[in-house]
Amino acid sequence: MIMMRTKLQVADNTGAKVASCIQVLGGSKHRYGRIGDIIIANVKKVLPTGDTKKGDVVRGVIVRTKSSLHRPDGTYVRFDRNAMVILDEANNPKGTRVFGVVPRELRQNFMKIISLATEVV
């Protein structure tokens with residue numbers, strides 16, 4: 001579960017390394033974000049050659065969480081770190097590569113991220 005001030009790894013090649021969640025979108029009562037939720041984040045650490053600068057406010061989608069995700073077949077999926085992918089205005093990924101694994105629950109709304117990922121779990 002991702003909430004305000006949670007630090008997330010950035011799992012794409014936009015140049016950002018770490019971001020901090022500012023807001024979970026989806027209504028005023030939506031406090032916690034799960035896999036597939038869109039958040040607004042502040043970039044904390046960057047690569048010197050990247051497009052994204054430190055302090056930028058970006059939109060992103062959560063692709064990995066430490067808290068487990070329950071699937072309808074009874075299995076649970078849990079990752080070792082929280083991670084996000086930075087999005088543009090049209091909810092397409094800003095980067096051209098997605099690092100690490102992504103869950104198949106993103107297939108409904110973010111098929112472009114699934115196609116850029118190295119592995120789908």
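Just so it is clear, the values below take in all heavy atoms, side chains as well, and ignore hydrogens, waters and symmetry mates.
- The side-chain heavy atoms of I39 and L25, taken from C-beta on, include no pair separated by under 4.5 Å.
- Under a hydrophobic-cluster definition in which Ile, Leu, Val, Met, Phe, Trp and Tyr are linked whenever side-chain heavy atoms come within less than 4.5 Å, directly or via other members, I86 and I114 are assigned to different clusters.
- Sequence neighbours left out, not one pair with a member in residues 75-95 passes salt bridge (Lys or Arg N to Asp or Glu O under 4.0 Å).
- Formation of a donor-acceptor pair under 3.5 Å by the N82 side chain with backbone atoms of K66 is found in this model.
- Residue pairs meeting the ring-ring contact (aromatic ring centres under 6.0 Å, His included) criterion with at least one partner in residues 56-80, sequence neighbours excluded, are H70-Y76.
- With sequence neighbours excluded, no residue forms a side-chain hydrogen bond (donor to acceptor under 3.5 Å, both in side chains) with T65.
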When the side chains of residues 96-105 are checked against the rest of the protein, which donor-acceptor pairs come out under 3.5 Å, sequence neighbours left out?
unit_1, atom_1, unit_2, atom_2, d
T96, OG1, N13, ND2, 2.9
E105, OE1, R71, NH2, 3.2
E105, OE2, R71, NE, 2.7

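- V18 belongs to no hydrophobic cluster, as no Ile, Leu, Val, Met, Phe, Trp or Tyr side chain comes under 4.5 Å of its own.
- D73 meets the side-chain hydrogen bond (donor to acceptor under 3.5 Å, both in side chains) test with T75; sequence neighbours excluded.
- Every pair tested for salt bridge (Lys or Arg N to Asp or Glu O under 4.0 Å) that includes a residue from residues 29-43 fails, sequence neighbours excluded, so the list is empty.
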Which donor-acceptor pairs under 3.5 Å do the side chains of residues 42-54 make with protein atoms, sequence neighbours left out?
unit_1, atom_1, unit_2, atom_2, d
T52, OG1, T14, O, 3.3
K53, NZ, G50, O, 3.3

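- Here C21 contributes atom SG and M4 contributes atom CE; the two are 8.5 Å apart, rounded to the nearest 0.5 Å.
- Neither V24 nor I40 shares a network with the other; the hydrophobic side chains, linked directly or stepwise wherever heavy atoms of I, L, V, M, F, W or Y lie under 4.5 Å apart, form separate groups for each.
- Side-chain contact between P93 and L116 is present, with at least one heavy-atom pair separated by less than 4.5 Å.
- With sequence neighbours left out, the side-chain contact (heavy atoms from CB on, under 4.5 Å) criterion links V61 to V63, V85, L87, L106, F110, I113.
- Looking at residues two or more places apart in sequence or on another chain, you find a side-chain hydrogen bond (donor to acceptor under 3.5 Å, both in side chains) between N91 and R59.
- Note on V57 and I38: same hydrophobic cluster, where clusters join Ile, Leu, Val, Met, Phe, Trp and Tyr whose side-chain heavy atoms are under 4.5 Å apart, directly or indirectly.
- Among residue pairs with one or both ends in residues 107-120, none qualify as salt bridge (Lys or Arg N to Asp or Glu O under 4.0 Å); sequence neighbours excluded.
- Within the model, atoms CE of M84 and CD1 of I62 stand 8.5 Å from one another, a figure rounded to the nearest 0.5 Å.
- With rounding to the nearest 0.5 angstrom, the OG atom of S68 is 9.5 Å from the CD1 atom of I35.
- In the hydrophobic clustering, M1 connects to M3, Y32, either directly or through intervening members, whenever side-chain heavy atoms lie under 4.5 Å apart.
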